[in-house]
Amino acid sequence: MTARPSELLRRHGLRPKKHWGQNFLGDPRILEALAALAELRPGETVVELGAGLGHLTRALAATGARVVAVERDRELVPILRAELPDVEVAEADAKSFDLTAVAPGDRIVVCGNLPYHLSSPILFHLLEQRSAVRRAVLLLQREVAERVVAPPGGRDYGLLSVLLQLVADARIGMQVNRHAFTPPPEVESSALVLDFLPAPRAEVRDERRFQALVKAAFSQRRKTLWNALKPLAGGREALERAGIDPQRRGETLSVAEFAAVERALPA
């Protein structure tokens with residue numbers, strides 16, 4: 001599939017669905033660079049979330065990996081199947097696609113040029129299914145990617161930062177100018193690279209409780225932890241047991257400190 005996105009859409013009488021956040025990427029150099037970030041091995045399984053017109057799909061397939069292309073747009077699925085007959089195409093929603101069933105017993109790679117309004121739901125879905133994932137390379141709105149990799153202490157550091165950094169090494173692999181897309185979005189993009197760890201970097205007794213704790217800490221960023229954790233049963237006492245100053249704000253706590261507070265919560 002060498003045609004540019006605009007040409008391919010015109011050939012099939014289609015237009016990008018704005019309400020679905022469809023922004024197609026066709027620059028071969030950028031596509032090859034994204035595929036390279038995945039560091040795929042021949043025969044390894046990669047799931048592409050939101051395969052669209054198949055441009056990134058083709059770059060991933062060129063690595064010799066087994067590619068499973070997930071696409072929910074019924075108008076695009078036949079194009080993918082016709083243009084890329086050696087690729088497994090799944091007509092499904094990326095937010096709920098079962099990653100654990102793709103290659104049982106193996107850890108897969110996940111890639112995708114994600115619609116910006118679906119970035120957070122898909123990231124949370126990856127968190128839930130991370131046991132099946134070795135690496136993820138996701139093209140996101142730059143601000144979202146920067147939030148994920150942000151260190152403690154700044155305004156970018158928040159819920160996604162803590163939850164993902166607990167279980168993965170996160171970095172920005174490359175920047176992508178908005179004019180590389182068809183149509184150009186209103187924001188710039190970054191490729192977020194997540195390498196999922198074999199075990200969380202800090203001990204947590206209950207991950208759902210950890211998530212509730214972090215969410216409460218960031219619910220109103222101007223609040224001190226003493227006030228922010230008031231609705232959480234045992235939250236204030238846990239701060240004292242963990243040796244955390246209750247006058248601090250959530251954005252100042254490291255992942256390890258959040259984990260210490262969670263362990264100090266009553267069972």
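Hydrogens, waters and symmetry mates play no part in the numbers below; they use all other heavy atoms, side chains included.
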Shared ILVMFWY cluster between [X] and [Y], side chains joined below 4.5 angstrom?
X      : Y      : value
Ile122 : Val109 : no
Ile30  : Val187 : yes
Leu37  : Phe181 : yes
Val255 : Leu123 : yes
Leu126 : Val214 : yes

Are [X] and [Y] side-chain neighbours, meaning at least one heavy-atom pair lies under 4.5 Å?
X      : Y      : result
Val167 : Leu197 : no
Leu160 : Phe218 : no
Leu84  : Val67  : no
Gln175 : Glu188 : no
Val87  : Leu80  : no
Glu257 : Arg248 : yes
Pro246 : Arg236 : no

Heavy-atom closest contact ([X] atom, [Y] atom, distance):
X      : Y      : value
His117 : Gly21  : CE1-N, 3.9 Å
Ile172 : Ser190 : CG2-CB, 4.0 Å
Ala92  : Phe97  : CB-CD1, 3.8 Å
Ala59  : Glu32  : CB-N, 4.5 Å
Gly52  : Phe24  : CA-CE2, 4.0 Å
Thr45  : Ala103 : OG1-CB, 3.9 Å

State whether the side chain of [X] and the backbone N or O of [Y] hold a donor-acceptor pair below 3.5 Å, judged by distance alone.
X      : Y      : value
Arg201 : Ala168 : yes
Arg241 : Leu265 : no
Arg178 : Pro184 : no
Gln165 : Ala150 : yes
Asn23  : Pro183 : yes
Arg81  : Pro78  : no

Would you call [X]-[Y] a salt bridge at under 4.0 Å N-O?
X      : Y      : answer
Asp27  : Arg29  : yes
Arg74  : Glu91  : yes
Asp106 : Arg134 : no
Arg155 : Glu251 : no

Mind checking the [atom1]-[atom2] spacing from [X] to [Y]? Nearest 0.5 Å is all I need.
X      : Y      : atom1 : atom2 : result
Arg11  : Ser6   : CZ    : OG    : 10.5 Å
Asp169 : Arg135 : CG    : CZ    : 9.5 Å
Leu53  : Glu83  : CG    : CD    : 9.5 Å
Arg4   : Arg10  : CZ    : CZ    : 7.5 Å
Leu25  : Leu56  : CG    : CG    : 7.5 Å
Ile79  : Glu71  : CD1   : CD    : 9.5 Å

Determine the interplanar angle of the Phe210 and Phe258 rings, folded into 0 to 90°, and report it as parallel if under 30°, tilted if 30 to 60°, perpendicular if over 60°.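 Ring orientation, 0 to 90° scale: perpendicular.
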Step-by-step side chain to side chain contact (heavy atoms under 4.5 Å, CB included) determination, Val68 to Arg66: CA-CA 7 Å; Val68 179; Arg66 171 200 174 204; 4.0 Å; yes
side-chain contact (heavy atoms from CB on, under 4.5 Å) partner of Lys215, the single match among Leu159, Val162, Leu163: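 With Lys215 as partner, Leu159, Val162, Leu163 yield a single side-chain contact (heavy atoms from CB on, under 4.5 Å), made by Leu159.
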What I want to check is whether the side chains of Tyr116 and Ser189 have a donor and an acceptor closer together than 3.5 Å.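 Note: Tyr116 and Ser189 side chains meet the donor-acceptor criterion.
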Apply the test side chain to side chain contact (heavy atoms under 4.5 Å, CB included) to residues Gln129 and Asp98: give CA-CA distance (whole Å), side-chain angles for both, the deciding distance (0.1 Å), then the verdict. CA-CA 8 Å; Gln129 301 209 335; Asp98 187 0; 3.7 Å; yes
My understanding is that only residues two or more places apart in sequence, or in another chain, count here; which of them pass salt bridge (charged side-chain N to carboxylate O under 4.0 Å, His left out) with Arg263?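 Arg263: no salt bridge (charged side-chain N to carboxylate O under 4.0 Å, His left out) contacts found.
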Report the C-alpha separation of Leu76 and Gln22 in whole Å, then their side-chain angles, then the decisive distance to 0.1 Å, and conclude whether the side chain to side chain contact (heavy atoms under 4.5 Å, CB included) test is met. CA-CA 11 Å; Leu76 300 184; Gln22 289 182 341; 3.8 Å; yes
Taking NZ in Lys230 as the centre, count heavy atoms belonging to other residues, nucleotides or ligands within less than 6.0 Å. Is the count above 12?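 Open.
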Please indicate whether Glu143 has more than 12 foreign heavy atoms, meaning atoms of other residues, nucleotides or ligands, lying under 6.0 Å from its CD.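 More than 12 within 6.0 Å, yes.
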Out of the candidates Arg205, Gln211, Arg209, only one should pair with Glu262 under the side-chain hydrogen bond (donor to acceptor under 3.5 Å, both in side chains) rule; please name it.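 Single side-chain hydrogen bond (donor to acceptor under 3.5 Å, both in side chains) partner of Glu262 among Arg205, Gln211, Arg209: Arg209.
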I would like to know whether Cys111 and Leu34 meet side chain to side chain contact (heavy atoms under 4.5 Å, CB included); could you show each step before the answer? CA-CA 9 Å; Cys111 294; Leu34 287 170; over 6 Å; no
